[in-house]
Visitor: 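After the structure tokens below, expect a handful of questions from me.
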Amino acid sequence: MAGYTALTADDLKAMLDAIGVGSVEELFDAIPEGMRLDRPIELAPGEPEQAVYADLRRLAERNVSADDEITFVGAGMYDHYVPALVDMLMERSEYLTPYTPYQPEVSQGHLQVMFEYQTAISELTGLAVSNASVYEGPSAVAAAAYLAKLARKRRRLLVSRGVHPHSRATLETMAVGYDADVVEIGLDDYVTDLDALREALGDDVGAVVVQQPNFLGAIEDVRAVADAAHEHDALVICAADPLTLGVLEAPGHQGVDLCVGEGQPLGNRLDFGGPSFGFFAATEEYLRSMPGRIAGETTDADGRRGFVLTLQTREQHIRRERATSNICTSQALNALGGVVYLSWLGRRGIVEIGELMLQRTHYARETLAALDGVRKLHDRPVVREFALRLDAPVDRVLERCAAEGVNAGYALGRSYDEYGDGLLVAITEQRSRADIDRLAEVLGAAVAAERDAAGVTA
Amino acid sequence: MAGYTALTADDLKAMLDAIGVGSVEELFDAIPEGMRLDRPIELAPGEPEQAVYADLRRLAERNVSADDEITFVGAGMYDHYVPALVDMLMERSEYLTPYTPYQPEVSQGHLQVMFEYQTAISELTGLAVSNASVYEGPSAVAAAAYLAKLARKRRRLLVSRGVHPHSRATLETMAVGYDADVVEIGLDDYVTDLDALREALGDDVGAVVVQQPNFLGAIEDVRAVADAAHEHDALVICAADPLTLGVLEAPGHQGVDLCVGEGQPLGNRLDFGGPSFGFFAATEEYLRSMPGRIAGETTDADGRRGFVLTLQTREQHIRRERATSNICTSQALNALGGVVYLSWLGRRGIVEIGELMLQRTHYARETLAALDGVRKLHDRPVVREFALRLDAPVDRVLERCAAEGVNAGYALGRSYDEYGDGLLVAITEQRSRADIDRLAEVLGAAVAAERDAAGVTA
Amino acid sequence: MSVAETPLQAERATTIFEKGAPGRRAFVAPELDVPHVDGLIPQEARRSEPPRLPEASEPEIVRHYVKLSKRNFDLDSGFYPLGSCTMKHNPRLHERVAALPGHSRLHPLQDPRRAQGALELMFNLQQALAEIAGLPHVSLQPSAGSHGELAGVLLTRAYHADRGEDRRKVLTPESAHGTNPATVTMAGCQVVKVALDDTGCVDIDDLRDKTDEDVACLMITNPSTLGIFEREIEEIIAIVRGVGATLYYDGANLNAVMGWSRPGDMGFDIVHFNLHKTFTQPHGGGGPGAGPIAVSDRIAPFLPVPLVVRRSDGDDDGRPEFDFDFDRPKSIGRLRGFHGNYGVFVRTYAYIRSLGAKGLKDISDVAVVNANYLLARLREKVGERLPLAFGERCMHEFLLSGAPMKKELGIRTLDLAKRLLDHGHHPPTVYFPLGVDEALLIEPTETETRETLDAFADAIAAIVAEAEEDPEIARNAPYTTPVRRLDEAGAAKRPRVRETLED
Amino acid sequence: MSVAETPLQAERATTIFEKGAPGRRAFVAPELDVPHVDGLIPQEARRSEPPRLPEASEPEIVRHYVKLSKRNFDLDSGFYPLGSCTMKHNPRLHERVAALPGHSRLHPLQDPRRAQGALELMFNLQQALAEIAGLPHVSLQPSAGSHGELAGVLLTRAYHADRGEDRRKVLTPESAHGTNPATVTMAGCQVVKVALDDTGCVDIDDLRDKTDEDVACLMITNPSTLGIFEREIEEIIAIVRGVGATLYYDGANLNAVMGWSRPGDMGFDIVHFNLHKTFTQPHGGGGPGAGPIAVSDRIAPFLPVPLVVRRSDGDDDGRPEFDFDFDRPKSIGRLRGFHGNYGVFVRTYAYIRSLGAKGLKDISDVAVVNANYLLARLREKVGERLPLAFGERCMHEFLLSGAPMKKELGIRTLDLAKRLLDHGHHPPTVYFPLGVDEALLIEPTETETRETLDAFADAIAAIVAEAEEDPEIARNAPYTTPVRRLDEAGAAKRPRVRETLED
Ligand SMILES: Cc1ncc(COP(=O)(O)O)c(C=O)c1O
Ligand SMILES: Cc1ncc(COP(=O)(O)O)c(C=O)c1O
């Protein structure tokens with residue numbers, strides 16, 4: 001008997017007696033003979049806690065994490081510092097172990113957190129309403145497109161090539177479900193090609209999707225995209241990096257209808273990609289079309305202020321096949337981490353951290369682009385991530401840097417054929433000038449070495 | 001302004017107004033001019049959370065912890081597995097952040113934990129009463145001796161040489177305060193020399209101190225010690241390793257008056273030696289002479305069962321210079337870890353873990369003693385720690401083992417001149433047979449290499 | 001007057017936006033260690049007014065959220081028999097191992113050669129889930145059960161499309177969880193409801209009637225959301241297979257049958273796991289979870305990318321032993337960013353390693369014993385008022401009908417649920433599944449003690465007895481919670497979904 | 001009937017020994033992986049009956065202790081102005097860094113060459129504390145303040161003994177904390193009490209009278225336990241120094257003067273720090289803490305062993321850069337095992353690194369502003385009933401007298417304290433220091449907001465106003481806590497200090 005169950009032999013006897021059966025097996029009589037597994041499942045035998053811990057630690061040590069190297073990889077998730085109070089709160093039994101607040105009288109804690117979270121996201125994005133979270137970034141983009149599909153019932157979706165490749169891929173997958181065609185809008189000078197966009201727009205376009213900053217780190221002219229789309233009454237969906245919104249204009253102030261994105265930078269761990277949360281904000285108009293949980297304010301029988309899950313008639317458990325989304329279990333705990341982080345950062349901190357990234361990013365970009373064999377991929381304004389071109393095979397350069405304890409960035413060629421020589425470098429408040437200088441040293445040497453090697457070979 | 005204070009400029013102004021002063025400085029007028037520091041204190045400037053974290057991590061990485069090597073060092077603290085639920089509970093705000101339960105109405109949680117802890121320690125030691133913790137092991141021994149001094153008012157204290165060197169040293173230091181003479185009783189065949197003890201006993205002996213198992217790992221005949229001491233009406237103090245008390249007879253059943261010891265093996269981390277807790281148990285007779293906090297059961301105004309700090313007239317805050325001890329802040333949180341650990345281990349687990357250590361210790365001892373150049377220091381029964389003699393310089397052998405990722409044990413010569421070639425090896429449930437075999441391999445090779453080197457030199 | 005945090009909140013609830021004061025802060029920014037340059041962001045892209053986030057010191061934030069937390073009921077404090085949700089004990093070991101920096105600070109785009117531990121874990125987890133499901137191919141990617149369902153229906157469409165068919169009908173029993181029909185719509189298909197017979201099982205005749213060549217898939221939960229193992233599961237499968245449709249197994253209730261029976265062996269093509277249910281990921285107030293799917297050979301080519309593979313030629317060709325496989329030309333593509341909720345996988349893996357095959361079967365045994373015991377206790381005490389909706393026994397959960405209670409005592413299932421709060425228990429799932437009047441779905445899970453089950457049965461009996469005397473008590477319950485019944489209709493009518501801020 | 005955890009516990013409190021059932025367990029033993037051998041322990045040494053520890057599953061244990069925790073008031077939930085205890089915010093960063101395995105799994109007997117991080121930290125902390133105290137030599141060893149005091153008096157004895165003197169009198173002001181006189185006795189000395197004058201400061205004449213060549217030491221707290229900076233501290237020091245006695249500074253109240261004034265500069269020989277007060281180690285329900293001492297040159301030779309030293313010749317001779325120094329022939333020896341409460345040092349170090357010199361001074365500033373502000377608010381509202389015991393202002397804490405309140409309203413300080421619980425605040429320290437009737441010692445600390453101080457002042461005012469109407473309310477308070485007033489006398493008369501077990 002493992003330590004998680006409590007059934008003693010005495011318990012079992014008494015309980016089977018009360019049930020009126022002679023054995024546990026009898027309770028499984030309902031399973032037809034032919035459907036029973038006639039052997040034990042094949043798994044390693046169970047182990048004591050200490051052994052499982054040791055095994056999971058062994059696996060952890062086979063990974064090179066941001067604890068083990070200086071990393072400049074971003075591309076959708078970023079190595080930000082998670083303040084200790086976020087962990088503490090996320091680990092409190094009271095937040096960690098309950099489920100969706102179906103019984104509001106005993107869930108005011110979480111419901112109020114959702115309400116606060118919605119307020120914070122609404123403030124960040126500059127949009128009137130927010131839900132309480134969706135899964136994560138790329139599926140948030142797809143969820144926004146589904147909303148557009150339901151709202152506009154139009155067949156085409158235009159997506160900028162500057163949108164994260166995972167978001168575009170997710171959209172493609174999901175669009176099969178909504179019978180929509182996803183049309184890509186190329187880049188012009190590394191941002192969404194406005195002419196191509198205008199060209200592609202038409203009255204069969206349900207939505208236009210753009211990302212701020214885009215995958216190449218460049219600041220998009222979101223307002224121009226929105227204006228163009230709105231001429232055709234298409235919805236505008238902006239996928240944004242929330243931690244840039246202290247210094248970048250709120251998408252909601254630039255005319256977007258829906259702003260969604262990956263919440264990980266807000267106090268969530270990297271966790272090899274999840275769990276984190278997706279945020280989902282909209283103009284008032286789309287409140288009743290949103291996916292997921294929404295907390296709303298109300299009063300109790302005595303007039304006390306309180307919070308409930310609201311507008312549930314949107315949801316699968318009430319509306320079933322006519323629901324606005326199928327989402328049920330979402331990312332409540334991660335969203336809690338998000339709002340606690342934003343409270344910790346605060347009104348000034350959100351600007352300061354953005355400004356710090358901005359300045360360091362500029363420094364890093366100029367410093368690296370000054371290296372032999374390294375150029376900027378583009379000159380557009382950037383906030384926290386930028387792209388370079390290397391005059392040497394990117395994979396080999398990365399390999400050399402890794403050997404020096406520096407993860408120099410993301411090889412753009414993994415997602416963009418046209419930038420096979422591209423390197424995407426991300427900055428966070430954890431990457432100091434010294435780290436950047438170290439990167440410059442290591443990257444410069446790696447590029448030089450590869451060029452030498454190529455020279456020798458050539 | 002750091003993030004731990006909240007005073008804004010507006011706050012400050014309003015508050016100084018309310019106080020009726022014009023500046024903060026004015027509030028410090030009471031400090032005489034000549035006593036003021038006329039320069040800032042010299043410390044590195046304050047840093048953000050992430051930088052402090054990084055610095056503390058840097059320091060942590062300069063240590064080789066039990067996470068980084070296979071360790072067989074014990075000698076008073078042991079690398080046992082701390083179950084995750086212990087951490088979770090110790091980190092709950094409700095246990096972590098309050099102080100001593102001076103207001104029992106809002107401290108029933110901690111008071112009941114103390115009561116449960118006292119019950120568990122009483123059960124473990126086989127003695128009627130326990131306090132709620134003292135600082136740690138060696139000072140617990142000294143505290144017990146002080147009790148004996150107050151109870152018997154006799155001048156001499158006899159201490160077995162088998163008692164932990166730190167306990168003996170602490171006793172020596174403290175005995176100056178009680179004007180007592182500490183007399184050491186030597187070992188005979190690696191346990192307390194009973195003849196010498198009987199010889200030394202007399203009506204001026206207040207207490208006899210013995211350790212179970214003793215520092216060399218050997219099981220002492222506690223009953224014989226107790227019987228001898230009681231003939232002279234001296235108190236018997238036994239310092240015990242609590243995690244051996246599932247398989248070793250309870251000192252309380254062997255006639256000791258006071259059983260104390262280091263609580264670290266019970267769910268407390270190594271923490272480079274502290275904080276942990278000292279336990280302190282006694283026969284009923286000494287209840288009112290005990291040091292430290294004691295929780296007692298009572299009822300509230302409505303007849304509800306409840307708990308309070310009791311017998312406080314023993315304590316410094318009431319009795320002042322006539323208190324039974326000066327202890328105030330103790331180790332409540334660590335004791336909480338202790339009782340949670342004991343609950344987790346449970347009535348069967350305490351025996352199983354003892355038995356596991358016993359068997360593995362036997363295996364390790366036989367395996368190692370079979371190596372060339374390695375012998376047992378003694379043949380006495382042991383439970384979880386044993387001593388070897390090496391036919392090679394112990395320090396150099398340890399150095400070689402460490403290079404192979406194995407911490408082979410504690411060099412006995414660090415505390416016992418007579419065992420300069422001794423090595424004390426400790427086993428926990430975290431040291432598997434494979435670990436022991438690895439130790440054998442590494443130790444065997446190290447001893448051989450040192451002998452070879454010596455041979456070459458010779 | 002400010003008073004102690006009593007169960008009934010005496011003070012108006014205030015949000016973090018109402019705390020603090022202008023200028024207060026917790027965050028201390030790292031120093032600017034590079035030269036400051038102006039104008040890096042063009043004026044029109046620069047935010048003019050900062051978002052009005054809270055301004056509070058660290059102690060204020062800690063107090064605020066710690067206090068709020070105390071207004072939650074949680075599984076570490078009490079019984080939580082929420083049917084269909086498998087609210088089992090969450091071992092703290094899992095939080096510890098998931099927090100190890102090698103897992104928690106690992107970037108998802110780390111070179112696979114430097115993420116071999118994570119990939120090994122994912123590979124092993126794929127294998128374990130495949131073995132548990134009896135279906136050889138696993139994608140860990142879906143973020144929750146409903147996401148797994150969506151993957152499943154999209155896979156079904158891809159499977160049929162690959163054979164040149166465009167099937168869009170999906171059969172779902174009336175008792176299906178809401179995510180099933182919602183998923184069907186999102187995947188561009190149509191729900192075809194299948195009735196239940198009077199034993200609570202799928203009505204075979206109705207199924208036969210509705211099954212034709214347009215049917216893409218049958219989605220079914222087994223044991224069903226009524227806690228019943230589908231009696232005629234073999235026949236059901238035969239009928240659906242007969243028209244060439246796929247079979248989708250909603251695995252939300254796997255906790256009942258692990259080690260006893262496997263969806264794959266039954267003949268299913270696709271199953272989703274709710275790792276947050278069966279494999280005890282803490283529910284977090286509504287996530288995170290994960291909804292991996294296991295599929296049969298015929299579905300495998302369409303699985304999302306990437307999958308984790310082990311290359312026998314590992315070290316030889318410089319490729320890593322464990323790797324992502326993106327080279328799956330028929331794949332439906334991606335369901336989300338990166339590789340799924342890895343942190344959840346770590347916990348699940350720890351759980352499977354802790355229990356092993358025997359432990360997993362024990363779980364099902366005890367879950368079913370506990371449910372049947374609680375059922376027996378309740379039938380003995382309140383069987384008349386709260387009868388079992390169907391049959392005599394149950395699997396890991398059971399469905400009671402509150403209809404007689406409502407009729408005879410004038411209290412609804414909702415009232416019973418609210419009154420249970422005063423007894424310190426979380427209520428069961430109520431009004432689900434549909435089709436049973438005043439439904440009450442009770443799932444005790446295997447980690448509860450007999451004493452807890454007894455106490456719960458006693459509480460239900462006490463509430464029923466109390467209602468025999470005075471139904472008003474339950475109708476106005478709860479009384480000892482932080483707030484009393486809330487005006488949900490009002491909340492929906494005039495939605496206030498964020499705090500209004502002054503400046 | 002089992003009901004929700006209301007503030008008033010409805011169920012009898014049950015201990016973990018009353019939970020569970022025979023055979024239940026949480027622990028799973030590692031397999032025996034070596035040959036089993038019988039008889040390894042001689043029969044007479046073998047335990048026959050196992051200790052009757054609890055038998056409970058892991059979920060039962062978690063629920064038990066989580067539920068119990070909710071019966072505590074804690075600093076993360078509310079104001080805790082316990083005078084003399086400096087209940088300031090505990091940053092969670094400190095728990096995180098202390099838990100890093102490189103700190104938390106480091107064995108104290110690790111070879112110093114492989115514990116350089118720990119030794120560097122301890123060395124730097126010694127330096128920082130020395131700088132803060134203005135005394136150059138630091139021992140981190142003492143486990144708490146009282147342990148530091150004991151070290152201090154033993155050091156004093158050693159100092160005098162080394163000069164061939166056996167002085168045993170220790171001067172302590174009447175207002176001294178209880179640990180001071182208790183320590184004096186434990187160190188084999190005699191307490192000589194010094195009176196206070198009518199300003200609450202040491203009565204210089206009484207001090208002069210009692211100071212003679214038998215005096216070993218003066219122990220004094222400054223600011224005093226009344227929250228007052230000793231006005232004539234220079235004179236006090238001169239008098240005591242005059243007879244060749246040492247000067248001991250109880251540093252419990254350092255929070256008031258960091259960066260402003262240093263004991264060493266004042267002329268003290270020995271100071272103890274309460275790291276759990278000034279440096280925010282969480283109080284843990286009564287520890288752990290740490291009580292390092294800093295001493296002057298003349299005391300240094302006697303410091304406990306080992307100290308941490310930095311060797312400039314570090315790497316050259318194979319000796320580690322940071323090392324333990326045991327070679328101190330005049331040392332008083334050891335006060336405890338190993339090297340002190342290292343985990344506490346890690347937290348303190350993180351705190352000092354976070355704040356720096358400026359931050360530490362800010363702390364004192366804000367602590368003193370907060371105390372004076374609260375004092376001003378209280379004087380304004382209830383100054384008549386609860387006057388300041390001495391003077392007009394305070395340092396970081398202040399002492400009120402409840403004597404007028406008792407006389408005029410018939411409620412005691414105790415009643416006020418209990419009634420504060422109903423208002424959600426932890427009461428101040430009561431009936432300490434001695435010598436002031438119905439004393440109430442209030443220390444808000446620097447981490448509290450103005451709003452909290454206002455709310456506390458309002459609560460006190462409300463209680464006083466309520467007592468003007470009906471003193472019975474306070475006399476019977478509290479009403480909204482898990483239990484009501486407890487019978488402490490009964491507990492002491494018939495002590496039940498452990499659970500009685502059946503078998
Ligand atoms: C039977 C059933 N199917 C599907 C789901 C949906 O799973 P998730 O909430 O993980 O999306 C649930 C969850 O409650 C369920 O009970
Ligand atoms: C003035 C004073 N001195 C000494 C002490 C004793 O310190 P500790 O509890 O750390 O032993 C205290 C603690 O309350 C105190 O307030």
Side-chain angles (χ1 to χ4, degrees), chain B residues 6 15 18-19 30 41 43 45-46 56 59-60 62-67 93-94 96-97 99-100 105-106 108-110 119 123 135 138-139 166 169 173 177 269 271-275 296-298 300-301 305-306 310 316-317 320-321 323 326 329-333 343-344 347 349 352 363 433, chain D residues 13 26-27 29 33-34 51 53-54 68-69 71-76 97 100-102 104-106 108 114 116-117 143-144 146 178 181-183 187-188 191 229 282-289 333-334 336-338 341-343 355-357 359 372-373 376 449 481 483-484 491 496 498-499:
Chain B
M15 291 166 81
I19 299 168
I41 38 182
L43 289 172
L56 273 287
L59 291 167
R62 295 193 64 202
N63 299 324
V64 179
S65 81
D67 245 30
S93 298
E94 291 85 341
L96 185 70
T97 68
Y99 205 6
T100 309
E105 297 86 354
V106 291
Q108 286 300 296
H110 233 120
T119 308
E123 280 296 319
Y135 301 134
S139 55
H166 292 181
T173 302
R269 316 193 290 213
D271 273 345
F272 202 45
E297 185 176 336
T298 187
D300 79 354
R305 186 187 197 191
T310 195
Q316 46 76 26
H317 60 293
R320 301 179 67 87
E321 60 268 31
N326 71 338
T329 299
S330 180
Q331 310 288 131
L333 189 68
S343 300
W344 177 78
R347 194 165 180 162
E352 290 164 359
Y363 173 80
R433 177 187 186 145
Chain D
F27 172 69
D33 52 2
V34 298
L53 296 178
L68 269 192
S69 77
R71 297 185 187 150
N72 280 348
F73 183 99
D74 70 290
L75 182 59
D76 279 354
V97 294
L100 290 168
S104 65
R105 279 191 81 190
L106 182 59
R114 285 186 285 280
Q116 284 294 291
S143 308
S146 65
T183 296
V191 171
F229 198 96
H283 281 82
R334 279 196 165 275
R336 51 162 291 165
F338 308 115
N341 284 340
Y342 177 76
L355 292 166
N372 277 286
Y373 175 73
T449 62
T481 47
V483 296
R484 301 198 44 214
R496 281 177 49 81
R498 57 156 293 175
E499 185 81 313

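We use all heavy atoms of the structure for the numbers below, so side chains are in, but hydrogens, waters and symmetry mates are not. All chains are named by letter (A, B, ...) in the order of the sequence lines, taking the proteins before the strands, and each is independently numbered beginning at 1. The shown structure was predicted, so the numbers you read here are calculated from the model rather than taken from an experiment.
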Visitor: Where do B:Glu105 and D:Arg484 come nearest, in terms of heavy atoms and distance?
Guide: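 Nearest pair, atom of B:Glu105 first, then D:Arg484: CG-O, 3.6 Å.
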Visitor: Quick check on B:Ala323 against chain D: is it the side chain, the backbone, both or neither that has a heavy atom closer than 4.5 Å?
Guide: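 Interface part for B:Ala323: side chain.
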Visitor: Taking all atoms of both residues into account, what is the closest heavy-atom pair of B:Arg305 and D:Val483, and its distance?
Guide: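 Where B:Arg305 meets D:Val483 most closely, the heavy atoms are O-CG1, 4.1 Å.
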Visitor: For each of B:Thr298, B:Thr329, B:Thr119, B:Thr100, tally heavy-atom pairs with chain D at distances under 4.5 Å, and name the one with the top tally.
Guide: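 Most heavy-atom pairs within the cutoff with chain D belong to B:Thr119.
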Visitor: Backbone N or O of B:Glu94 within a donor-acceptor pair of the D:Ser69 side chain at under 3.5 Å?
Guide: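 No: the side chain of D:Ser69 does not pair with the backbone of B:Glu94.
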Visitor: Identify the heavy atoms of D:Tyr342 and B:Asp271 that sit nearest to each other, and give their distance.
Guide: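 Closest approach of D:Tyr342 to B:Asp271: CB-O, 3.2 Å.
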Visitor: How many angstroms lie between CG in B:Leu96 and CG in D:Asp76, if you round to the nearest 0.5 Å?
Guide: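 If I round to the nearest 0.5 Å, the distance is 7.5 Å.
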Visitor: Based on non-hydrogen pairs under 4.5 Å, which of B:Pro275, B:Gly273, B:Ser139 is most in contact with chain D?
Guide: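 Most heavy-atom pairs under 4.5 Å with chain D: B:Pro275.
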Visitor: Testing the basics here: between D:Pro288 and D:Asn341, what is the closest heavy-atom pair and its distance to 0.1 Å?
Guide: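 In terms of heavy atoms, the two residues are closest at CB-ND2, 4.5 Å.
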Visitor: Heavy-atom distance under 4.5 Å to chain D: side chain of B:Glu297, backbone, both or neither?
Guide: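 Answer is both: backbone and side chain atoms of B:Glu297 are under 4.5 Å from chain D.
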Visitor: Could you tell me which portion of B:Thr310 (side chain, backbone, both or neither) has an atom closer than 4.5 angstrom to a non-hydrogen atom of chain D?
Guide: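 It is the side chain, since no backbone atom gets that close.
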Visitor: Looking at D:Ala29, D:Ala376, D:Ala357, which has the largest count of heavy-atom pairs under 4.5 Å with chain B?
Guide: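 Answer, by heavy-atom pair count under 4.5 Å with chain B: D:Ala357.
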Visitor: Looking at B:Glu123, B:Glu321, B:Arg62, which makes the most heavy-atom pairs under 4.5 Å with chain D?
Guide: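 Ranked by contacts with chain D, first place is B:Glu123.
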Visitor: Measure the spacing between OH of B:Tyr135 and CZ of D:Arg336 and express it to the nearest 0.5 Å.
Guide: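 The OH atom of B:Tyr135 sits 10.0 Å away from the CZ atom of D:Arg336.
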Visitor: Top residue by heavy-atom pair count (under 4.5 Å) with chain D, among B:Gly306, B:Ala301, B:Ser343, B:Gly296?
Guide: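 Top count of heavy-atom pairs under 4.5 Å with chain D: B:Ser343.
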Visitor: At a heavy-atom distance under 4.5 Å, which candidate from B:Leu59, B:Asn63, B:Leu333, B:Leu56 has the highest pair count against chain D?
Guide: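 The option with the most such pairs is B:Asn63.
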Visitor: So for B:Tyr99, is it side chain, backbone, both, or neither that comes closer than 4.5 Å to the heavy atoms of chain D?
Guide: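 Both backbone and side chain of B:Tyr99 come within 4.5 Å of chain D.
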Visitor: So which residue, D:Gly289, D:Gly356, D:Gly333, D:Pro51, ends up with the most heavy-atom pairs under 4.5 Å with chain B?
Guide: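 Winner by heavy-atom pair count: D:Pro51.
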Visitor: What residue in D:Pro108, D:Ala182, D:Gly188 has the most heavy-atom pairs under 4.5 Å with chain B?
Guide: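 It is D:Pro108.
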Visitor: Between chain D and each of B:Gln108, B:Arg320, B:Arg269, count heavy-atom pairs under 4.5 Å; write down the option with the most.
Guide: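 Of the options given, most contacts go to B:Arg320.
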Visitor: Over all heavy atoms of both residues, which pair between D:Arg71 and D:Ala13 is shortest? Give the atoms and the distance, please.
Guide: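 The answer is NH1-CB, 4.3 Å.
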Visitor: If you round to the nearest 0.5 Å, how far is NE2 of B:His166 from CZ of D:Arg334?
Guide: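 D:Arg334 atom CZ to B:His166 atom NE2 measures 3.5 Å (nearest 0.5 Å).
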